[in-house]
There are 2 protein chains.
Amino acid sequence: MPKTKEVEPLAAEVWRILFDFIVATRDQRIRALARYALTPNDSRALFALDAEGRTMRSLAQEWECDASNATFIVDRLEARGLVRRRSSEQDRRVKLVVLTARGTKTRLAVAEEMYRPPPELTALGRRDLETLLGAVQKLPAR
Amino acid sequence: MPKTKEVEPLAAEVWRILFDFIVATRDQRIRALARYALTPNDSRALFALDAEGRTMRSLAQEWECDASNATFIVDRLEARGLVRRRSSEQDRRVKLVVLTARGTKTRLAVAEEMYRPPPELTALGRRDLETLLGAVQKLPAR
DNA sequence: TATTGTTATACTCTATAACTATA
DNA sequence: TATAGTTATAGAGTATAACAATA
């Protein structure tokens, strides 16, 4: 029997615990977003943007939604001053959506909230966290 | 300086990697649900139910939604034969929502999908997974 | 003629308010 | 009179189709 066969149930057990943990801590993250008056979808939108600009078309593709919905999503962020549309100079049909200074600030604040470790994780203590870090660092960064 | 102060950045680094991994693998899970024609919300609803029965009121509370929305959500599942409403015999105002045989089967199949470890995790191999397991098993089960 | 983005419209999911039936 | 659940209705988020501007 090849070794990979034996690894599956082990990976499944680790994943089960991690997945349950993610689900259990989900509400905390949603409430953190709500403090910024953002929905999970707003947050996702914010993280697709940068200061360089993304076309509406590419955003709709990333969000896997209709172009008309991307218009709606960007409209909302623009109404709040988090993003700005500017026309491309190469192709005047195209619009580039860029984060405003305020959008960048909000995005940073949200990242900080999302990356704040749940207390249950911190409670594991130094030794286990060092062990965990060594292992998870081998996960492919995407 | 107390030890817990030093642990925070370590926990933050572990969490950052885990959180990114969860986000990166999210689409796979949503697509798995779509193969059962379920939205993430349907899935959440399914996992709140069992064979014993839950009142509409308690479901609305767990889902943090209005009672009328719980009616809508349960209606959809019922139309697909995944759940069934029956009246309580103690209090005839109350309705108990129970999983049907089909609902139980679907719930099980979905659990299997959600708990299937992402390939990147399995790829870590036996040694790292054993290490991971030892650490994550100390997370409080909820 | 094809492509980018928006607008008009309709459908789904959600909440609020009014209602029915029990208690 | 109060409570459990549903129905009527309206608002938010989504898609489809028609459109305007540009290539």
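The chains referred to below are lettered A, B, ... by the order of the sequence lines, with proteins before strands, and numbering in each begins at 1.
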Q: Could you tell me whether the side chains of A/Asp42 and A/Thr39 share a donor-acceptor contact shorter than 3.5 Å?
A: yes

Q. Looking at five pairs on each end of the helix from C/dT1-D/dA23 to C/dA23-D/dT1, what is the angle between the two axes, given to 10 degrees?
A. 20°

**Q.** Residue pair A/Glu8 / B/Pro117: nearest heavy atoms and the distance that separates them
**A.** OE1-CG, 3.9 Å

Q) What do you reckon, is CD of B/Gln137 surrounded by more than 12 foreign heavy atoms closer than 6.0 Å? A) yes

Q | Length of the CG-C1' vector between A/Leu77 and D/dG13, whole Å | A | 13 Å

Q: Work out which heavy atom in B/Arg80 is nearest to a heavy atom in B/Arg102; give both atom names and the distance.
A: O-NH1, 3.0 Å

(Q) Taking A/Met114's backbone N and O only, do any of them form a donor-acceptor pair with B/Trp15's side chain (distance below 3.5 Å, no angle check)? (A) yes

Q: Measure the distance from CZ on A/Arg85 to P on C/dT4 and round it to the nearest whole Å.
A: 16 Å

Q) Taking only N and O in the side chain of B/Lys95, is any of them less than 4.0 Å away from OP1 or OP2 of D/dT6? A) yes

Q | Main-chain N/O of B/Gly53 paired to B/Asp50 side chain as donor or acceptor, under 3.5 Å | A | yes

Q. Can you tell me how far C1' of D/dT7 sits from CG of B/Asp75, to the nearest Å?
A. 11 Å

Q. Between B/Leu96 (CG) and D/dA4 (P), how many Å, whole number?
A. 13 Å

(Q) Under a 3.5 Å threshold, yes or no: a donor from one side chain and an acceptor from the other, between A/Thr25 and A/Arg29? (A) yes

Using a cutoff of under 3.5 Å, can you pull out all pairs of nitrogen or oxygen atoms linking the protein to nucleotides 13-17 of chain C, with atom names and distances?
unit_1	atom_1	unit_2	atom_2	d
C/dT14	OP2	B/Asn41	ND2	3.4
C/dT14	O5'	B/Asn69	ND2	3.1
C/dA15	OP2	B/Asp66	N	3.0
C/dA15	OP2	B/Asn69	ND2	3.0
C/dA15	N7	B/Ser68	OG	3.4
C/dT16	O4	B/Ser68	OG	2.7

Under-3.5 Å N/O pairs linking protein and nucleotides 20-23 of chain C:
unit_1	atom_1	unit_2	atom_2	d
C/dA23	OP1	B/Arg92	N	2.9

Q: Without swapping roles, check the side chain of B/Arg84 against the backbone of B/Glu78 for a donor-acceptor pair under 3.5 Å.
A: no

Q. Would you find a donor on one side and an acceptor on the other, under 3.5 Å apart, between the side chain of B/Arg86 and the backbone of B/Val98?
A. no

Q: Provide, to the nearest angstrom, the distance between the CG atom belonging to B/Leu59 and the C1' atom belonging to D/dA4.
A: 13 Å

Q) Quick one: A/Glu78 CD to C/dT6 C1', roughly how many Å, whole number? A) 13 Å

Q: Check the distance between C/dT3's P and A/Met56's CE and give it to me in whole angstrom.
A: 18 Å

Q) When you look at B/Arg92 and B/Ser88, which way does the side chain to side chain donor-acceptor pair (under 3.5 Å) test go after all the steps? A) CA-CA 5 Å; B/Arg92 293 176 52 213; B/Ser88 163; over 6 Å; no

Q. Between A/Leu129 and B/Ala11, which heavy-atom pair has the shortest distance, and what is it?
A. CD1-CB, 3.8 Å

